[in-house]
K.L.:
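Pasting a structure here, questions to come.
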Amino acid sequence: MTGAGFAVGEFEIIQRHFAALGAARPDVVLGIGDDAALLRPEAGSELVATVDTLVEGRHFLPGADPHSLGHRALAVNLSDIAAMGATPAWALLSLTLPDADEAWLGAFAGGFAALAREHGVALVGGNLARGPLGIAVQLLGAVPCGTALRRSGAGPGDDVYVTGTPGDAGAGREPGAAAALRRRFEYPTPRVAVGQALRGIASACIDVSDGLAADLDKLAAASRLRAVLQDELLPVSAELLDALGDARARHCALTGGEDYELCFTVPAARQTALRAALPVSVCRITRIGSVAAGSAAPGADAPGFDHFAPDRAR
Ligand code: ADP
Ligand code: MG
């Protein structure tokens, strides 16, 4: 797109901050610089595609740390790719900026690049425009044909698991939160290796962005089942307990959102395979209940985050 309208040329901004960002991949036939990127997916694989937008005032506050924003903009997409059991590969970045602030751009690109390199992701294109601050990242990945995890596929009686300690990020979003909690909000850890290890083991999977209870309900609904959560099994971090006390910490673990953990189901026959594929050294996983026949009662409380719910201000 021409006419982005920055004092510094659009071309210079892209060259300085975004060209050659992330991993160098042999399957990028043509990256940044032409009208579009050329990518070569591996034979026998399915492309997995996702996009997410962060808008100032809605997903982050004015003045938010740009390094964290660069991390989060990619992390939320990596989390979706992880939930499909896929391997991330190529990202596109659409940025709307009020001005070309070099320090902001450098920090944003730095946060994005560090996570991209960690996961072997190449930035292959994007767009720049002048306007209110907004960040959209599209991420493409791949999975061997027919092996992707889905929200549907859970069977009655399957156990439900969650990675990590949900609720930390939700509490970390609040002003004045303890440093350890704030870090979980600003630098979520997308569970990419866990998602890949769950192929052939999990019967269904979803990533927790809106809140554990709401997202588990989505998985159960997609599988035409109902979720049976055992509150006493919820993994609640010591930091969250310290900050909120037992009752509010548990509520936050169920509803906080922005955890970017994985919630998944495993049939009884694959429990041993699960423990072998995911030793505790890789990632903490906790059984939190099961899914059962039947559907959730209409109007059942699903207190997660819904952008279009009539009575929510966020
Ligand atoms: P066009 O006008 O054909 O859409 P642009 O001049 O907007 O192309 O972009 C030139 C090249 O720079 C393209 O390869 C595009 O994908 C890439 N690009 C533009 N903005 C970004 C960005 N924010 N991050 C990464 N690549 C970008
Ligand atoms: Mg063009």
Side-chain angles (χ1 to χ4, degrees), residues 1-42 47-81 86-142 186-188 190 192 260:
M1 203 175 74
T2 55
F6 296 107
V8 189
E10 192 182 349
F11 177 79
E12 283 72 38
I13 296 175
I14 294 164
Q15 282 306 311
R16 197 168 311 151
H17 298 288
F18 300 113
L21 183 153
R25 297 182 59 98
D27 52 12
V28 178
V29 179
L30 188 61
I32 289 175
D34 212 302
D35 288 315
L38 294 174
L39 311 168
R40 188 177 291 157
E42 204 178 317
L47 270 182
V48 183
T50 185
V51 63
D52 252 301
T53 304
L54 300 183
V55 175
E56 185 174 62
R58 182 156 294 262
H59 303 98
F60 59 91
L61 295 173
D65 176 7
H67 191 274
S68 157
L69 286 178
H71 178 102
R72 281 176 63 209
L74 181 58
V76 299
N77 285 284
L78 283 167
S79 182
D80 283 327
I81 294 285
T87 305
W90 311 298
L92 294 125
L93 167 65
S94 180
L95 265 183
T96 311
L97 301 169
D99 50 38
D101 177 334
E102 282 298 315
W104 192 96
L105 280 162
F108 175 85
F112 192 106
L115 190 62
R117 281 195 298 268
E118 187 184 327
H119 290 281
V121 169
L123 184 65
V124 299
N127 189 49
L128 265 183
R130 196 161 180 176
L133 182 56
I135 306 155
V137 173
Q138 183 184 19
L139 186 60
L140 301 169
E186 291 186 331
Y187 292 92
V192 178
Y260 303 106

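Count residues from 1 along the sequence. Note that the structure is predicted; figures quoted are calculated from it, not measured. In each ligand, atom 1 is the first atom listed, and ligand 1 is the first ligand listed.
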K.L.:
Output the list of atoms in ligand 1 that are nearer than 4.0 Å to some heavy atom of Ile32, sorted by atom number.
P.N.:
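Here the atoms of ligand 1 in question are 12 (O), 14 (O), 17 (C), 25 (C), 26 (N).
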K.L.:
Going by the order shown, which atoms of ligand 1 are within less than 4.0 Å of some heavy atom of Asp34?
P.N.:
11 (C), 13 (C), 14 (O)
K.L.:
Out of Ala36, Gly33, Gly126, Ala91, indicate the one that has the non-hydrogen atom closest to atom 15 (C) of ligand 1.
P.N.:
Gly126
K.L.:
Kindly indicate whether the side chain of Ile81, heavy atoms from C-beta on, has any atom under 4.5 Å from the side chain of Val192.
P.N.:
no
K.L.:
Atoms of ligand 1 less than 4.0 Å from Glu10 heavy atoms?
P.N.:
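Those atoms are 7 (O).
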K.L.:
Is there a donor in the side chain of Glu186 and an acceptor in the side chain of His67, or the other way round, less than 3.5 Å apart?
P.N.:
no
K.L.:
Taking only distance into account, with no hydrogens and no angle test, what donor-acceptor pairs under 3.5 Å do side-chain atoms of residues 86-93 form with protein atoms, sequence neighbours excluded?
P.N.:
from	atom 1	to	atom 2	distance (Å)
Thr87	OG1	Gln196	NE2	3.4
Trp90	NE1	Asp27	OD1	3.1

K.L.:
For residues 112-124, which side-chain donor-acceptor pairs fall under 3.5 Å, sequence neighbours excluded?
P.N.:
none

K.L.:
Just to check, does His17 reach to within less than 4.0 Å of ligand 1 when the distance is taken from its heavy atoms?
P.N.:
no
K.L.:
Would you call the rings of His71 and Tyr187 parallel, tilted or perpendicular, taking 30° and 60° as the class edges?
P.N.:
perpendicular
